[in-house]
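We count residues from 1, following the sequence as given. Because the structure is a prediction, the values reported are computed rather than measured. Because only heavy atoms are used, hydrogens play no part in the values below, and waters and symmetry mates are left out as well, while side chains stay in.
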Amino acid sequence: MMTFDLYNAPAEDGTYSLSINESPPLHFNSRGAALRYAVKLANQRIQQGLDYAINVEGGDGKWRLFHGLRLCA
């Protein structure tokens with residue numbers, strides 16, 4: 001399973017971090033750009049018959065699982 005972790009707050013340089021499988025994070029100019037990239041890779045996984053999880057950190061510090069266009073609490 002591939003896991004994506006999208007952090008709520010920007011990094012010190014103002015970019016938004018997306019970690020894939022707990023690797024050093026990739027940096028994006030916006031949180032939306034990071035999420036779009038994660039969804040793109042997740043769709044590729046689906047086409048290959050593989051599993052994924054997109055975890056999104058909320059402003060309250062809680063992590064939620066992202067499915068399509070909605071978050072599951």
Across all chains, not counting sequence neighbours, the side chain to side chain contact (heavy atoms under 4.5 Å, CB included) partners of Leu50 are Arg45, Gln48
Results of side chain to side chain contact (heavy atoms under 4.5 Å, CB included) for Ala9 - residues two or more places apart only: none
With side chains defined as the heavy atoms from C-beta onward, is the minimum distance between Ile54 and Leu65 less than 4.5 Å? no
Please identify which of these residues, Leu35, Leu6, Asn55, meets the side chain to side chain contact (heavy atoms under 4.5 Å, CB included) condition with Phe66. Leu35
Sequence neighbours excluded, which residues qualify as side chain to side chain contact (heavy atoms under 4.5 Å, CB included) partners of Lys62? Asp60, Arg64
Going by the rule side chain to side chain contact (heavy atoms under 4.5 Å, CB included), which residues pair with Asp51 if we only count those two or more places apart in sequence or in a different chain? Met1
Would you check if the side chain of Glu57 reaches a backbone N or O of Asn8 as a donor-acceptor pair within less than 3.5 Å? yes
How about Asn43: does its CG atom have over 12 heavy atoms from other parts shown lying under 6.0 Å from it? yes
Check whether any side-chain heavy atom of Tyr52 sits under 4.5 Å from a side-chain heavy atom of Thr3, and report yes or no. no
Give me each pair satisfying salt bridge (charged side-chain N to carboxylate O under 4.0 Å, His left out) with a member in residues 13-37, each pair once, sequence neighbours excluded. none
If you measure from CG on Asn21 to CG on Asp5, what distance do you get to the nearest 0.5 Å? 9.0 Å
Quick one: ring-ring contact (aromatic ring centres under 6.0 Å, His included) pairs with a partner in residues 9-28, sequence neighbours left out? Phe28-Tyr37
